[in-house]
Novice: 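Here it is: the structure, laid out below.
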Amino acid sequence: MGILHAIRMQKLVADARHAHAQGDNTFEASIDIDPRGMARVRNPMKKIRKEIDLVVRSVEAVGWECVGVGQYRVWVWGFRMGVLFR
């Protein structure tokens, strides 16, 4: 895990904490996946699942409950996974 990843995770958790404190009904996190970076990984779906699990654990620790994970955007360079919390 690099420094940029750690900073992005910190921001995600801070945003989740802020939304929860405000009393928002839902919170959505997104994960951008670049298949060019996945070409070097032996089992890319395992790595993607591990990243999703990390996001879910981090946001659920704030008080949200994960209600769904899905692919909601595909483009030429990759795709984006969405994680919905309530």
Side-chain angles (χ1 to χ4, degrees):
M1 182 184 320
I3 189 75
L4 288 176
H5 185 270
I7 290 169
R8 288 182 185 129
M9 287 300 294
Q10 253 184 340
K11 181 169 178 4
L12 174 71
V13 171
D15 290 348
R17 190 172 285 129
H18 179 71
H20 194 267
Q22 273 187 309
D24 291 351
N25 292 330
T26 59
F27 179 76
E28 185 172 359
S30 64
I31 305 165
D32 291 332
I33 299 166
D34 182 2
R36 294 172 294 183
M38 291 289 135
R40 295 184 303 269
V41 178
R42 181 181 164 112
N43 189 346
M45 287 310 296
K46 187 175 183 180
K47 183 161 177 69
I48 291 168
R49 185 70 229 172
K50 190 175 180 181
E51 186 67 22
I52 291 169
D53 288 343
L54 177 65
V55 168
V56 169
R57 279 195 318 271
S58 300
V59 175
E60 282 185 340
V62 173
W64 292 99
E65 179 186 356
C66 179
V67 294
V69 176
Q71 179 179 337
Y72 65 87
R73 191 174 183 189
V74 179
W75 68 93
V76 176
W77 302 281
F79 58 95
R80 178 173 284 176
M81 301 291 292
V83 184
L84 183 62
F85 297 90
R86 288 202 177 131

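When a residue number appears, it is its place in the shown sequence, counting from 1.
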Novice: Show the nearest heavy-atom pair for residues V59 and A16, with the distance to one decimal.
Specialist: CG1-CB, 3.9 Å

Novice: Go through the steps for H18 and D15 under the test side-chain contact (heavy atoms from CB on, under 4.5 Å), then give the verdict.
Specialist: CA-CA 5 Å; H18 179 71; D15 290 348; 5.6 Å; no

Novice: Tell me whether the count of non-hydrogen atoms from other residues, nucleotides or ligands lying under 6.0 Å of CD in E65 goes above 12.
Specialist: no

Novice: Taking all non-hydrogen atoms of both residues, which atom of G63 and which atom of H20 are closest, and how far apart?
Specialist: O-NE2, 3.5 Å

Novice: Do L84 and V13 sit in the same hydrophobic cluster, where Ile, Leu, Val, Met, Phe, Trp and Tyr count as joined when their side-chain heavy atoms come under 4.5 Å apart?
Specialist: no

Novice: Step by step, work out the side-chain contact (heavy atoms from CB on, under 4.5 Å) result for L12 and R8.
Specialist: CA-CA 6 Å; L12 174 71; R8 288 182 185 129; over 6 Å; no

Novice: Atom CD of Q22 and atom CZ of R17: how far apart are they, to the nearest 0.5 Å?
Specialist: 14.0 Å

Novice: State yes or no: do I52 and M45 share one hydrophobic cluster built from I, L, V, M, F, W and Y residues joined by side-chain heavy-atom distances below 4.5 Å, directly or via other members?
Specialist: yes

Novice: Relative to each other, are the rings of F27 and F85 parallel, tilted or perpendicular (30° and 60° limits)?
Specialist: tilted

Novice: What verdict does the side-chain contact (heavy atoms from CB on, under 4.5 Å) test give for V55 and I31, after you've listed the backbone C-alpha separation in whole Å, the side-chain angles of each residue and the deciding distance to 0.1 Å?
Specialist: CA-CA 9 Å; V55 168; I31 305 165; 4.0 Å; yes

Novice: When you measure from the side chain of E60 to the backbone N and O of C66, does any donor-acceptor pair fall under 3.5 Å?
Specialist: yes

Novice: When rounded to the nearest 0.5 angstrom, what is the spacing between CG in L54 and CZ in R49?
Specialist: 11.5 Å

